[in-house]
Amino acid sequence: MMKHKSDLQCRTFALYSLTAFLLVFLLTPSFSTAESLDDQVNEISFQLMCPVCQGQSVAESNSNLAHDMRQIIRKKLQEGESREEIIQYFVDSYGESILASPPAKGVNWLLWILPAVAIVFGVVAAGMFLHKSGSGRSEVESKESEASGPESDYMKRIDEELKKQDS
Amino acid sequence: MNILNAGGRLAVLAIIIIILIILGYALFGKREVVKTSPLVGKEAPDFTLKQFDGEEIRLSDLRGKTVLVNFWASWCMPCRQEASALEDAWEKYKDDNVVFIGVNVWDEQSSALTYMDKYGGKYPHGVDPEEEIQVEYGIGGVPETYFISPSGVIIDKFNGPLTERIIDFYLQKTMNPESESS
């Protein structure tokens with residue numbers, strides 16, 4: 001009974017730890033560590049989708065347009081423009097659909113928040129299910145042990161009788 | 001097995017209803033009008049084009065005129081398809097304070113010159129030596145055409161091969177932008 005309770009606590013702790021880890025992983029912004037010009041060009045290129053390609057970023061595409069875009073990013077970085085200014089330049093020309101990640105504004109914020117909400121709800125539901133099923137099982141086990149009381153006495157008596165006959 | 005009490009069930013129901021309301025708003029709520037380009041309605045980005053004859057043409061010098069800017073390439077089949085319509089339309093509108101500009105992109109100069117010999121080159125054509133104009137104008141492919149009002153505002157953009165009827169429609173709209181908006 002005690003072992004089962006601690007087992008349940010362990011599982012609940014593991015679930016909550018996993019949730020906390022996932023939330024931290026999902027919500028922590030990725031920090032830029034790009035240093036060289038090439039790295040910076042690559043970093044910005046990965047945040048822009050190639051307008052003429054299927055699901056490829058500007059960094060991944062070999063199209064003429066993506067090549068031009070990378071050249072412009074490089075030139076603007078050399079001229080001292082910030083990452084935000086460069087991205088805004090492309091948004092002004094192509095619209096927000098060029099962004100690899102939709103901006104968290106308007107209805108778009110649902111895309112950012114719903115996965116986290118779904119994970120939290122999933123874990124809470126799983127926790128509640130485990131808690132209920134665990135307490136249900138312990139009730140069944142205690143009933144079983146109660147029921148098995150006279151039976152075990154009976155078996156003990158049979159063992160004793162058998163031992164007597166052997167001796 | 002019942003894992004929720006009455007209060008819990010009510011809370012889950014309330015959350016589901018809230019999510020459904022938000023999703024309903026996202027699907028059927030007020031939406032922005034989809035434009036052919038985010039540049040429509042804004043001032044046209046200025047550019048200087050180097051023409052194939054060596055002359056330069058600057059958009060800001062054409063203020064006061066209606067401007068059609070057509071992006072094309074010699075390898076582009078729809079560009080060939082629309083070339084005669086553009087030439088005919090230019091003949092029709094050249095005395096109405098309308099300027100046509102052809103911008104050759106993603107191309108070899110020799111191929112572009114051969115193309116112009118074959119499909120016409122009555123109005124100015126050229127390239128951007130910096131190769132930035134196509135990105136500045138949000139070009140995804142060719143042919144794409146911008147219509148710029150005499151005040152320098154982009155009135156509309158058309159993606160794909162033009163016909164004379166399409167050119168007429170957009171030029172009328174661009175030459176009289178006020179009547180269009182009222």
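Residue numbering restarts at 1 for every chain, and letters A, B, ... go by the order of the sequence lines.
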Return each pair, listed once, that meets disulfide bond (SG atoms under 2.5 Å apart) where at least one residue sits in residues 49-105 of chain A; pairs must be two or more places apart or across chains.
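Applying disulfide bond (SG atoms under 2.5 Å apart) to every pair that reaches into residues 49-105 of chain A, excluding sequence neighbours, yields A:Cys50-A:Cys53.
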If you count every heavy atom of other residues, nucleotides or ligands that lies below 6.0 Å from B:Lys118 atom NZ, does the total exceed 12?
no
Are the aromatic ring centres of A:Tyr94 and A:Phe90 under 6.0 angstrom apart?
no
Can you tell which of B:Val99, B:Val103, B:Thr145 makes a side-chain contact (heavy atoms from CB on, under 4.5 Å) with B:Val69?
B:Val103
Within residues 71-78 of chain A, residues adjacent to chain B where the heavy-atom gap is under 4.5 Å:
A:Ile72, A:Lys75
B:Tyr123/B:His125 under ring-ring contact (aromatic ring centres under 6.0 Å, His included): CA gap, chis, key distance, verdict:
CA-CA 7 Å; B:Tyr123 57 87; B:His125 289 267; 4.4 Å; yes
Between A:Asp92 and A:Gln88, does any side-chain donor sit less than 3.5 Å from a side-chain acceptor?
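Yes, because at least one side-chain N or O of A:Asp92 sits under 3.5 Å from a partner of the opposite role on A:Gln88.
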Among the options B:Glu131, B:Glu136, B:Gln134, pick out the one with the most heavy-atom pairs lying under 4.5 Å from chain A.
B:Glu136
